[in-house]
There are 2 protein chains.
Amino acid sequence: MRKETSTNLENEKLILASCGTSYTLDLIGGRWKPQILWRLLLQGCMRYSQLKNSMPNVSERILILQLRELEQDMLISRQVYPEVPPKVEYRLTELGLSLKPVLCCLSQWGDANRPNRVVSSDSEVLSEEL
Amino acid sequence: MRKETSTNLENEKLILASCGTSYTLDLIGGRWKPQILWRLLLQGCMRYSQLKNSMPNVSERILILQLRELEQDMLISRQVYPEVPPKVEYRLTELGLSLKPVLCCLSQWGDANRPNRVVSSDSEVLSEEL
DNA sequence: TATAGTACTAACATCAATGTAAGTATGAGA
DNA sequence: TCTCATACTTACATTGATGTTAGTACTATA
């Protein structure tokens with residue numbers, strides 16, 4: 001739980017209230033969030049296990065955390081099927097889909113300017129479809 | 001100093017090497033970096049004291065840290081005039097200027113979608129000039 | 001009765017980012 | 001000799017983000 005008061009938190013609030021850029025960065029800036037968003041953009045809909053298997057380095061706790069935050073921020077939706085074993089599907093909301101040009105923009109700048117590119121990135125797969 | 005090895009650091013490296021989106025976010029994602037970049041975009045060139053006075057809530061240490069990181073990442077340049085009292089000017093590099101459309105994109109999405117907007121944001125001033 | 005599969009949760013541990021307070025170097029001008 | 005202004009630096013403290021490990025609930029199937 002975060003503290004209710006601290007300069008740190010106050011500063012964050014002030015910035016989010018006055019800077020749209022920071023607000024957007026706050027929503028998509030978690031370590032694994034870009035990867036999650038790209039996967040859902042590409043696939044449309046994924047089960048929890050699919051996401052987990054496609055990102056071998058995230059721990060389950062962190063993956064869940066990132067998904068919960070994206071859900072709270074209305075960027076993704078979570079659909080539970082009352083079955084056993086459980087089945088949960090994640091997909092982008094309308095708001096999440098509206099991030100597509102933003103993500104493309106970030107991705108293109110990054111791919112154009114980062115050094116030591118090793119592999120082609122997720123975004124390139126999508127870029128070709130645009 | 002960051003540790004040389006840790007899952008945390010390894011994950012970060014892997015992501016930066018494979019995801020352009022995350023790379024871009026890594027460069028501009030510090031708490032005060034968007035504000036610094038917008039100011040330099042708008043003003044072209046600012047002294048350290050000008051930056052500091054225009055952002056009353058940053059501590060000097062943190063402001064310097066963010067400036068140093070932006071400088072290391074080649075987004076801004078730092079020009080020292082050998083005078084007393086000292087004079088230091090910061091401005092965007094070519095690479096930094098190339099972020100303009102990216103910042104506009106982030107800012108527009110944020111301004112359009114965040115709730116509880118109180119004041120007009122820095123970016124709007126610039127948007128009008130585009 | 002035991003095992004398997006799915007999507008988690010809880011308690012704990014570590015690492016990184018941010019913030020606080022005080023101090024430094026320099027030379028011009030009072 | 002003392003103060004002022006500028007652009008920092010240093011040592012320390014706090015906050016927040018990320019990672020580890022073990023465990024849970026549920027039923028169908030072996």
Side-chain angles (χ1 to χ4, degrees), chain A residues 1-16 22 25-36 46-72 76 78-90, chain B residues 1-16 22 25-36 46-72 76 78-90:
Chain A
M1 275 296 248
R2 299 182 66 168
K3 288 192 70 169
E4 292 297 314
T5 59
S6 71
T7 304
N8 194 323
L9 183 56
E10 288 305 312
N11 281 344
E12 189 185 1
K13 280 186 195 165
L14 275 172
I15 289 172
L16 294 184
S22 296
L25 291 175
D26 190 56
L27 295 196
I28 65 178
R31 169 159 301 173
W32 305 93
K33 287 180 185 176
Q35 312 227 32
I36 294 170
M46 290 176 83
R47 295 185 62 173
Y48 171 74
S49 55
Q50 288 182 288
L51 279 166
K52 188 181 57 157
N53 292 331
S54 77
M55 301 166 62
N57 297 307
V58 212
S59 67
E60 297 205 59
R61 183 177 113 77
I62 299 298
L63 179 54
I64 291 280
L65 259 184
Q66 305 268 302
L67 288 168
R68 290 285 184 277
E69 288 179 12
L70 290 169
E71 193 192 353
Q72 283 209 322
I76 67 174
R78 174 173 176 271
Q79 184 166 12
V80 182
Y81 295 86
E83 303 172 359
V84 172
K87 175 176 171 182
V88 177
E89 283 180 348
Y90 293 93
Chain B
M1 275 296 249
R2 299 183 66 169
K3 289 192 68 170
E4 292 296 314
T5 59
S6 71
T7 305
N8 193 322
L9 184 56
E10 288 305 312
N11 282 344
E12 189 186 2
K13 280 186 197 166
L14 275 172
I15 289 173
L16 295 184
S22 296
L25 291 175
D26 190 55
L27 295 196
I28 65 178
R31 170 157 302 170
W32 305 94
K33 286 181 187 176
Q35 313 228 32
I36 295 170
M46 290 176 83
R47 295 186 63 171
Y48 171 74
S49 55
Q50 288 182 288
L51 280 166
K52 188 181 57 158
N53 293 331
S54 76
M55 302 165 63
N57 297 307
V58 213
S59 67
E60 297 205 59
R61 186 178 111 78
I62 299 299
L63 180 53
I64 291 279
L65 259 183
Q66 304 268 301
L67 288 168
R68 290 284 185 279
E69 288 178 13
L70 290 169
E71 192 192 353
Q72 282 209 322
I76 66 174
R78 174 173 177 271
Q79 183 166 11
V80 183
Y81 294 85
E83 302 171 1
V84 172
K87 175 177 170 182
V88 177
E89 284 180 348
Y90 292 93

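The chains referred to below are lettered A, B, ... by the order of the sequence lines, with proteins before strands, and numbering in each begins at 1. These figures come from a predicted structure and were not determined experimentally.
Applying the 4.0 Å criterion to OP1 and OP2 of D:dT9, one finds that B:Arg68 has a side-chain N or O inside that range. Between B:Asn8 and D:dA17 there is no side-chain N or O to OP1 or OP2 distance below 4.0 Å. OP1 or OP2 of D:dA7 sits under 4.0 Å from a side-chain N or O of B:Ser49. Contact check, B:Tyr48 against D:dA5: no side-chain N or O comes under 4.0 Å of OP1 or OP2.
Counting non-hydrogen atoms under 4.0 angstrom, A:Thr7 reaches the backbone sugars and phosphates but no base. Here B:Gln66 lies in heavy-atom contact (under 4.0 Å) with sugar-phosphate atoms only. Residue A:Glu83 is out of contact with every strand shown, counting any heavy-atom pair closer than 4.0 Å. Within 4.0 Å (heavy atoms only), B:Tyr81 reaches no atom of the nucleic acid at all.
Applying the 3.5 Å distance criterion, the base of C:dT20 shares a donor-acceptor pair with the side chain of B:Arg61.
The shortest heavy-atom contact between B:Gln66 and B:Gly30 is OE1-C, 3.5 Å. When all heavy atoms of B:Trp32 and B:Met55 are compared, the closest pair comes out as CE3-CE, 3.7 Å.
The side-chain contact (heavy atoms from CB on, under 4.5 Å) test with B:Val58 singles out one residue from B:Ile64, B:Leu65, B:Leu51, B:Leu63, and that residue is B:Leu63.
Nearest nucleotide to the B:Ile62 side chain, out of D:dT20, D:dT18, C:dG19: C:dG19. Closest to the side chain of A:Ser6, from the set C:dT6, D:dG16, C:dT20, is D:dG16.
One finds a salt bridge joining A:Lys33 and A:Glu69 here, because a Lys/Arg side-chain nitrogen approaches an Asp/Glu carboxylate oxygen to under 4.0 Å.
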